[in-house]
Amino acid sequence: MKIKAVELRVVRLPLVTPFRTSQDSQDERVALLVRVETTDSEGWADCAVSQAPSYEPEFLSGARAVMAEYLVPMLVAAPEVTAARVRKVLAPVKGHQMAKAALETAILDAELRTRQISFAQYLGAVRDRVPVGVSVGIPGSLAELIGQVDGYLEQGYQRIKLKIEPGWDVEPIRAIRERFGEDLALQADANSAYTLASASHLRALDEFGLLLLEQPLAADDLLGHADLSRSLNTRICLDESITSPLAAATALRLGACSVVNIKPSRVGGYLAARSVHDLCAAHGIPVWCGGMLETGVGRAANLALAALENFTLPGDISATARYFAEDITPPFVLEDGHIAVPSGPGIGIDVSREVLDRLTINREVLV
Ligand code: SMG
Ligand code: MG
């Protein structure tokens, strides 16, 4: 397969609900979309970068620059490109996992569309629909939080994840438990807002029977997470720390977590994500698929990944309506707490050119 052109689009999608974490707040997703045109097909990917380097070191204009100046010229110069070779071809560039992941994903999509194979089939999916949860940002008040959670449960979401930070942790979790009962599948995500000095405070969360506590400490604090895991009954799940299959292996060896949130974008793509899945399965560690407020293009591929066997916990893959009033693909809908895994070739969903053009704020063609 030979690459003929790579198109980068920046699209702006207003969020239906503002999303605040301990690190950042956003009321729109400004997405970087990659379209790869090959000799026989085209492929799409949603590069999961945010606009600012406030969640991950990578950010939108940095990803555009590294693709334009380095990654795309390297791929175009390669005599033969397949998704399985992309990582090796791009290895001379250090880091920039999300930019590399997006290119690999778009190439994989093009390849699978040509071969008439779906992502789900290619990755080894064992289900045709996946149970999903919803991630609830830090709202203005407890009443607002309860109202939001009530609405999501009414829609059928199978688990609730609350974003927490110092000053917004025990109280909202207690309020949700009291209002919705012990059977609610509930977890919390701190996005690195604490240090190990907060261990005794975090122990107060043990009484709420959380499914897990996600990324309480800094991304590179694996030893801290290992210590914290030993002093809490609540399972520790890592997200920001899981930057590659090797990072996952290190975290498991250190006992830094007993659950893993896999973000295909951060680990370097769907092939690396499958490796993390396999590694965790071999260690008896359950995984679930994280979300980055993806457009339908990213969500389609995440659904295929989440259909693998060891994805035993509901992922942050919500229905389109939870994020956007209008998306660049047909909407994904919640049915009985599940979303169907696309079964068509490649990511299995097509981009609506009309909506895409209307929401595009920047377009560049690189080859
Ligand atoms: O896509 O539903 C979603 C968002 C899920 O909470 C979510 N993601 O740390 O897990 C996480 C956050 C990161 C998003 S910041 C852009
Ligand atoms: Mg997280």
Side-chain angles (χ1 to χ4, degrees), residues 13 15-32 46-60 63 98 130-139 145 148-149 152 155 157-165 168-169 186-194 210-219 225 235-243 248 251 257 259-267 273 287-303 305-306 313-324 327 331-332 334 339:
L13 295 95
L15 292 173
V16 294
T17 314
F19 189 62
R20 182 159 99 71
T21 72
S22 64
Q23 305 301 320
D24 202 5
S25 181
Q26 59 190 112
D27 55 13
E28 58 182 11
R29 165 101 205 278
V30 179
L32 176 59
D46 178 336
C47 182
V49 285
S50 303
Q51 250 185 311
S54 48
Y55 177 67
E56 288 290 322
E58 288 185 76
F59 65 110
L60 197 147
M98 290 188 163
V130 295
V132 294
V134 61
S135 172
V136 187
I138 299 171
L145 178 72
Q148 284 186 17
V149 171
Y152 290 133
Q155 291 166 44
Y157 283 104
Q158 301 221 11
R159 70 98 173 105
I160 298 291
K161 160 166 137 179
L162 301 185
K163 290 290 188 182
I164 60 166
E165 64 183 2
W168 180 263
D169 44 30
L186 183 64
Q187 63 193 54
D189 185 0
N191 291 111
S192 303
Y194 299 87
L210 298 178
L211 277 176
L212 55 92
L213 171 61
E214 184 178 342
Q215 199 70 43
L217 312 179
H225 281 106
R235 292 190 291 186
I236 300 292
C237 169
L238 290 177
D239 175 9
E240 284 90 327
S241 299
I242 306 298
T243 52
C257 63
V259 184
V260 167
N261 169 350
I262 302 183
K263 295 236 174 93
S265 50
R266 187 192 299 110
V267 298
V287 304
W288 53 282
C289 184
M292 291 293 283
L293 306 170
E294 285 91 351
T295 63
V297 167
R299 197 171 323 288
N302 283 352
L303 283 161
L305 181 72
L313 293 165
D316 282 345
I317 312 177
S318 310
T320 303
R322 179 258 175 267
Y323 307 97
F324 317 115
D327 198 353
F332 287 100
L334 197 63
I339 300 183

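Note that ligands are numbered from 1 as they come in the structure, with each ligand's atoms numbered from 1 the same way. Worth saying up front: this structure is predicted, and the values here are computed from it rather than measured.
Checked against a 3.5 angstrom limit, the closest N/O atoms of Ser135 and ligand 1 fall inside it. Taking distance alone, with nitrogen or oxygen atoms compared against 3.5 Å, Thr21 stays at or beyond that limit from ligand 1. Checked by distance only, ligand 1 and Asp189 come closer than 3.5 Å through their nitrogen or oxygen atoms. Polar contact check, Arg322 against ligand 1: no nitrogen or oxygen pair lies under 3.5 Å apart. Considering backbone and side-chain atoms alike, Gln26 places every N or O at 3.5 Å or more from each N or O of ligand 1. Of the polar atoms of Lys161, at least one N or O is found under 3.5 Å from an N or O of ligand 1, judged by distance alone.
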Requested in this report: Walk me through it: do Arg266 and Asp239 pass the test salt bridge (Lys or Arg N to Asp or Glu O under 4.0 Å)?
Outcome: CA-CA 9 Å; Arg266 187 192 299 110; Asp239 175 9; 2.9 Å; yes
Query raised in the report: Going through the distances and angles, do Ile242 and Asn261 end up as a side chain to side chain contact (heavy atoms under 4.5 Å, CB included)?
Result: CA-CA 8 Å; Ile242 306 298; Asn261 169 350; over 6 Å; no
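Nearest non-hydrogen protein atom to atom 5 (C) of ligand 1 is Asp316 OD2, 3.4 Å. For atom 8 (N) of ligand 1, the nearest non-hydrogen atom of the protein is Gly291 O, 3.0 Å. Protein heavy atom closest to atom 11 (C) of ligand 1, with residue, atom name and distance, is Lys163 NZ, 3.1 Å. Nearest non-hydrogen protein atom to atom 1 (O) of ligand 1 is Leu293 N, 2.8 Å. With hydrogens left out, the protein atom closest to atom 2 (O) of ligand 1 is Tyr323 OH, 2.7 Å, a heavy atom.
Between Glu56 and Ser50, the side chains place no donor N or O within less than 3.5 Å of an acceptor N or O (distance only, hydrogens not considered). Asn191 and Ser22 form no side-chain donor-acceptor contact under 3.5 Å, judged by distance and modelled atom types alone.
Once rounded to the nearest 0.5 Å, the distance linking CG of Leu15 with OG of Ser25 reads 9.5 Å. Here CG of Leu212 is found 9.0 Å from CD1 of Ile236. Values are rounded to the nearest 0.5 Å.
Each protein N, O or S atom less than 2.8 Å from the Mg ion (ligand 2) was counted, giving 3.
At a 4.0 Å cut-off, at least one heavy atom of Lys263 sits close enough to ligand 1 to count as contact. Between Gln215 and ligand 1 there is no heavy-atom distance shorter than 4.0 Å. Between Glu214 and ligand 1 there is a heavy-atom distance shorter than 4.0 Å.
The minimum heavy-atom distance between Arg235 and Leu211, with the atom names listed, is NE-O, 3.2 Å. Closest heavy-atom contact between Ala306 and Cys289: CB-CB, 4.1 Å. The minimum heavy-atom distance linking Leu60 with Val49 is given by the pair CA-CG2, 3.7 Å.
In this structure, the side chain of Tyr323 does not engage the main chain of Thr295 through any donor-acceptor pair within 3.5 Å. Within the 3.5 Å criterion, the main-chain N or O of Glu240 finds a donor-acceptor partner in the side chain of Gln215.
With respect to Asp316, the side-chain contact (heavy atoms from CB on, under 4.5 Å) criterion is satisfied by exactly one of Arg159, Lys263, Glu294: Arg159. Checking Thr17, Val149, Leu145 one by one against Pro139, the side-chain contact (heavy atoms from CB on, under 4.5 Å) holds for a single residue, Leu145.
With a 4.0 Å cut-off on non-hydrogen atoms, Asn191 touches ligand 1 through its side chain and not its backbone.
Against a heavy-atom cut-off of under 4.0 Å, Phe19 is close to the following atoms of ligand 1: 6 (O), 7 (C). Residue contact check: Asp239 has heavy atoms under 4.0 Å from atoms 9 (O), 10 (O), 11 (C) of ligand 1. Annotation for ligand 1: atoms under 4.0 Å from non-hydrogen atoms of Tyr55 are 9 (O), 11 (C), 13 (C).
The shortest side-chain heavy-atom distance between Val134 and Ile160 falls under the 4.5 Å cut-off. Between Gln187 and Trp288, some side-chain heavy-atom pair lies under the 4.5 Å cut-off.
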